[in-house]
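Remember, it's a predicted structure, so these values are computed and weren't measured experimentally. So you know, we letter chains A, B, ... as the sequences are listed, proteins then strands, and number each from 1.
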Amino acid sequence: MLKTINLKKVYPNGEEALKGINLEIPNGQVVALIGPSGAGKSTFIRTINRLVEPTSGKVYFANEKNDITSLNKSKLRKIRRQIGMIFQEFALVERLSVMENVLSGRLGYVGFWNSFFRKFPQKDIEEAFRLLQRIGLEHMLDKRADELSGGQRQRVGIARALIQNPMLLLVDEPTASLDPKNSRQIMRLICELCNERNLAAIINIHDVFLAQNFAERIIGLKAGEIVYDGKPSGLSEAILTKIYGEEDWSKTAAN
Amino acid sequence: MPIIKQKDYKTWKKFDRKRDLQNWLCWFLGTLIFSFCFGLISSKTIWFYVFDSHNEALDLLGRMFPPETNYFFTLIKPIWDTLNIATIGTTIGTLIAIPLAFLSANNTTPSKKFLRPLALFCIVSSRSINSVIWALLLVAVVGPGVLAGIIAIGLRSIGFCGKLLYEAIEEIDENQIEAIEATGANKAQIMTFGIVPQILPAFTSISIYRWDINIREATVVGLVGAGGIGIELDAQIGDLAWAKVSVILLAIVVAVVFSEWITAKIRKAII
Amino acid sequence: MNDKKVIWKRKPLIKNRLLRIGLILIISTYLLSVFLTTEIDWQRILEGIPRGKNFIFAFFPPDFITRSDEILAGIFESLWMTIVATIVGILISIPVSLGAAKNIAPKFVYFLSRGVITLSRSFQEVILAIFFVKLMGFGPFAGMVTLSLSTIGFFAKLLSEDIEDINKSQAEAIKSTGSSWFQWVNYGVQPQVMPRFIGLSLYRLDINFRESAVIGIVGGGGIGSTLNTAFDRYEFETAAAVLIVIISIVMIVEYTSSHLRKLIK
Ligand SMILES: Nc1ncnc2c1ncn2[C@@H]1O[C@H](COP(=O)(O)OP(=O)(O)O)[C@@H](O)[C@H]1O
Ligand SMILES: [Mg+2]
């Protein structure tokens with residue numbers, strides 16, 4: 001489904017954020033990407049849909065011939081519609097209503113003037129209703145995004161990504177701005193939705209415990225390199241130390 | 001109610017029918033007003049001149065080039081005067097603006113009924129009247145020359161700085177004032193320890209900002225005789241000496257870019 | 001008890017002593033040189049005091065009646081000019097400010113737009129007006145073109161700064177949905193800068209009205225022409241009336257616009 005080959009990113013200031021990532025993700029797999037701050041997690045998922053241009057390497061999406069890194073602008077836009085993205089600070093457009101935020105996920109499918117006058121196809125609107133109902137925010141659809149609480153905002157963010165009808169979800173620390181209870185609910189929601197729709201997902205996450213709880217596969221990133229790739233149960237203290245450095249891990253790796 | 005229930009399905013629109021109509025009406029009225037205004041302007045316009053203006057412009061540009069570079073040396077004194085008009089004018093303006101701002105700010109004014117409206121009136125009058133008009137008046141009073149320019153710029157700056165400053169004063173943190181009041185400080189002490197430190201940054205950035213604007217303004221007060229490079233500009237345009245005019249214009253651009261550069265530097269140094 | 005007295009002094013504004021003394025020196029030299037190089041004709045000023053007094057008294061009482069037709073016509077002309085110039089100026093400013101925002105525009109467009117802004121900001125309205133009057137003839141059209149042009153410099157500069165300050169991740173999120181560039185601007189950027197956009201528009205409307213009073217002096221139409229004529233005819237009572245009218249309109253505009261801005265927020 002997704003395959004990266006020797007993916008590298010060097011920022012203009014010389015920062016080597018990714019040092020050659022090789023990764024393959026099959027259909028429908030939910031992967032947690034863990035690692036300390038600055039490991040390159042955000043950079044990695046952003047090079048996949050080229051919000052950050054990779055310096056070198058290849059990203060194959062959907063099939064072995066479709067290399068995202070070599071697409072022109074309009075083809076890239078078509079690919080971006082098939083990749084949903086969820087952000088740490090929710091990244092809702094705060095001055096737009098909840099409904100507009102959700103519908104903005106369809107921008108890749110409607111023309112400029114239609115989107116300008118907020119004229120979306122009826123089936124998009126129905127899908128938006130369904131998603132809002134699914135995340136339990138149907139009654140809020142008229143509210144402005146900045147009136148919502150953190151957990152509610154992240155739900156809207158999820159709806160916006162899902163209405164794209166994506167094949168892959170890129171999720172950047174979805175719980176970092178949430179309290180523990182909301183964090184678990186959001187993670188559960190994302191994973192349930194992925195299962196329902198047979199969606200593959202890459203979830204960047206700080207919280208090792210949450211990652212172990214919800215993901216089927218864990219990838220440990222450190223200083224731009226993969227240092228672990230395997231089952232959640234395989235995360236031993238030694239490996240956590242390798243990823244995060246010295247610390248007493250006995251309380252976290254509770255499984 | 002942007003959810004619209006149809007017979008068998010529901011849909012969504014950004015605005016309901018009423019809001020939609022209102023919006024279109026607003027746009028329609030706006031366009032109408034615009035066309036109406038434009039029509040009035042157009043009725044007082046000789047379109048032949050307007051359509052011919054590009055020829056005129058090319059002609060003018062042709063006369064401006066090449067600029068008479070030697071003329072620049074004659075300009076040094078007027079440029080110096082212009083800078084002085086701006087700098088001294090700004091200084092005077094801000095110094096007078098300070099007490100006015102304290103009189104105008106809701107939280108520091110000693111008398112809400114009498115002094116505050118008076119101070120506000122001074123500020124608004126000073127703001128409403130452009131430096132050139134101030135200069136026009138002052139040239140008649142103190143005679144043509146740099147002094148009239150300085151006073152004109154100063155008078156215009158009072159309102160600008162006064163307004164921004166009193167808004168800054170109204171936004172200060174009351175808790176800090178209370179803390180100082182609680183120590184039993186008198187009015188003057190509250191001022192120096194509670195208020196001044198809080199508005200000092202705003203004050204500096206306002207005066208720098210105004211100085212930047214005043215450089216531009218100081219280039220034109222001369223057009224009505226109040227000193228600076230504007231006097232030269234007026235004279236050379238009067239003489240139709242376009243090759244000299246272009247030198248003046250270049251000098252103005254350089255001065256303005258220079259002042260913008262300096263203010264950016266100072267602002268960075270302060271923050 | 002300790003023998004040494006502890007002395008506490010207020011922290012000086014500028015820490016470096018050398019810099020402090022240097023600054024004082026520079027400022028006093030500057031003031032001295034200004035004083036020495038500025039020709040101030042004290043004789044003329046002394047003369048001017050009684051003359052100035054007469055001059056100021058000549059303004060009283062303000063005379064709204066004698067030239068009321070001209071004053072009204074001037075005011076309305078200024079209003080038309082202001083409205084048209086503000087709208088035209090803002091419409092042109094929108095693409096310019098997008099071009100002048102570092103985070104949106106490619107380098108080439110960025111420098112081009114910045115150039116346009118700097119050029120339009122360099123010249124005071126009056127200088128621009130002199131040239132446009134020369135090119136397009138006397139009257140409100142030249143004034144309108146002047147005001148539109150200076151609106152661009154002001155508006156595009158401030159709006160582009162606001163665009164550069166937008167929340168990046170909101171814009172990024174819209175981009176990640178596969179939106180086109182225009183959709184991205186419409187959904188990701190525009191909502192974020194809208195409050196500033198409206199505030200600046202009202203502010204500029206106010207400025208344009210005030211400026212219309214001066215560009216008339218050099219032939220750009222509007223209330224400035226009325227004022228200039230009044231001065232030329234030595235009808236200072238009428239001039240005073242015009243000034244009072246300008247001040248009151250500015251007050252009204254300011255009052256309404258600050259209310260509007262509060263409403264919109
Ligand atoms: N825009 C940028 N310019 C320069 N360096 C950057 C930029 N974004 C991230 N980096 C650097 O790249 C490295 C990886 O960052 P990031 O991908 O954000 O890590 P993570 O998401 O794992 O915390 C960090 O060292 C960071 O400082
Ligand atoms: Mg990150």
Side-chain angles (χ1 to χ4, degrees), chain B residues 30 33-34 36-42 44-50 52-54 56-57 60 77 80-81 84 87-88 121 124-125 127-133 136-138 140-147 150 200 216-217 219-220 223-224 227 230 233-234 237 249 252-253 255-257 260, chain C residues 13 30-31 34 37-41 44-45 47-49 51-53 55-56 76-77 79-84 87 118-119 121-127 130-132 134-144 210-211 213-214 217-218 221 224 227-228 231 243 246-251 254:
Chain B
I33 291 174
F34 180 84
F36 173 73
C37 295
F38 191 81
L40 284 174
I41 291 176
S42 135
K44 292 191 178 174
T45 306
I46 303 170
W47 285 101
F48 172 74
Y49 288 145
V50 175
D52 194 46
S53 60
H54 60 280
E56 186 84 6
L60 210 58
K77 180 70 181 14
W80 168 248
D81 282 344
N84 294 340
T87 313
I88 310 281
F121 179 75
V124 174
S125 320
R127 269 164 54 72
S128 320
I129 298 177
N130 194 286
S131 329
V132 177
I133 297 177
L136 204 66
L137 299 174
L138 283 158
V141 177
V142 300
V146 174
L147 188 67
I150 292 178
L200 205 58
R216 257 168 275 249
E217 304 261 296
T219 59
V220 288
L223 293 173
V224 292
L233 186 62
D234 196 37
I237 290 181
L249 294 184
I252 291 178
V253 173
V256 167
V257 170
E260 213 151 88
Chain C
L13 214 54
Y30 171 73
L31 286 178
V34 171
T37 56
T38 306
E39 294 126 27
I40 294 177
D41 188 349
R44 169 70 181 75
I45 292 168
E47 263 172 44
I49 289 173
R51 210 193 306 173
K53 221 164 70 187
F55 179 72
I56 289 168
F76 281 118
E77 199 170 282
L79 275 180
W80 312 146
M81 266 163 61
T82 308
I83 292 172
V84 174
I87 294 175
T118 307
L119 210 65
R121 278 170 56 82
S122 291
F123 297 114
Q124 227 275 345
E125 283 87 344
V126 182
I127 297 183
I130 291 177
F131 281 91
F132 284 121
K134 177 125 197 65
L135 296 181
M136 302 173 169
F138 287 96
F141 191 81
M144 184 212 94
R210 270 181 278 155
E211 290 298 329
V214 261
I217 294 178
V218 293
L227 187 66
N228 201 29
F231 271 110
L243 289 179
I246 295 176
I247 295 177
S248 6
I249 292 187
V250 170
M251 269 175 145
E254 194 154 293

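Comparing Ile217(C), Leu119(C), Leu135(C) by heavy-atom pairs within less than 4.5 Å of chain B, the highest count is held by Leu135(C). When the candidates Val224(B), Ile88(B), Leu40(B) are compared by the number of heavy-atom contacts under 4.5 Å with chain C, Leu40(B) comes out ahead. With chain C as partner, the option from Asp81(B), Thr87(B), Leu138(B) having the largest number of non-hydrogen pairs under 4.5 angstrom is Thr87(B). Options Ile252(B), Ile129(B), Leu137(B), Val257(B) differ in how many heavy-atom pairs under 4.5 Å they form with chain C, and the most are formed by Leu137(B). In terms of non-hydrogen atom pairs under 4.5 Å with chain C, the most contact-rich of Ser125(B), Gly145(B), Gly230(B), Gly30(B) is Ser125(B).
Closest approach of Ser122(C) and Arg216(B) over heavy atoms only: O-CG, 3.7 Å.
In this structure, Asp52(B) CG and Met136(C) CE are separated by 11.0 Å, a value rounded to the nearest 0.5 Å. Going from atom CG of Leu249(B) over to atom CZ of Phe123(C) covers 4.5 Å, rounded to the nearest 0.5 Å. The structure places CE of Met144(C) at 11.0 Å from SG of Cys37(B), a figure rounded to the nearest 0.5 Å. Interatomic distance, CD1 of Ile83(C) versus CD1 of Ile33(B), reported as 6.5 Å (0.5 Å rounding).
Using a 4.5 Å cut-off between heavy atoms, Phe132(C) does not touch chain B at all. Only the side chain of Val220(B) comes within contact range of chain C, with at least one heavy atom under 4.5 Å from a heavy atom of that chain. Only the side chain of Ile237(B) has a heavy atom closer than 4.5 Å to any heavy atom of chain C. With a 4.5 Å cut-off on non-hydrogen atoms, Leu79(C) does not touch chain B at all. Contacts of Leu227(C) with chain B are made by side-chain atoms alone, with heavy-atom separations under 4.5 Å and no backbone atom involved. Only the side chain of Leu243(C) has a heavy atom closer than 4.5 Å to any heavy atom of chain B. In this structure, chain B has a heavy atom under 4.5 Å from the side chain of Glu77(C), while its backbone stays farther away. Contacts of Glu260(B) with chain C are made by side-chain atoms alone, with heavy-atom separations under 4.5 Å and no backbone atom involved. Both the backbone and the side chain of Ile41(B) come within less than 4.5 Å of a heavy atom of chain C.
The closest side-chain heavy-atom distance from Asp234(B) to Ile130(C) is not below 4.5 Å. Annotation: side chain of Val126(C) is not in contact with side chain of Asn130(B) (no heavy-atom distance under 4.5 Å). Leu60(B) is listed as a side-chain neighbour of Phe131(C), based on a closest heavy-atom distance under 4.5 Å. Side-chain contact check for Ile133(B) versus Val214(C): some heavy-atom pair is nearer than 4.5 Å.
Around the CZ atom of Phe138(C), the shell of radius 6.0 Å holds no more than 12 heavy atoms that belong to other residues, nucleotides or ligands.
Shown here are the side chain to side chain contact (heavy atoms under 4.5 Å, CB included) partners of Ser42(B), two or more places apart in sequence or in another chain: Phe38(B), Trp47(B).
Remark: the backbone N or O of Val256(B) is not paired with any side-chain donor or acceptor of Arg121(C) at under 3.5 angstrom.
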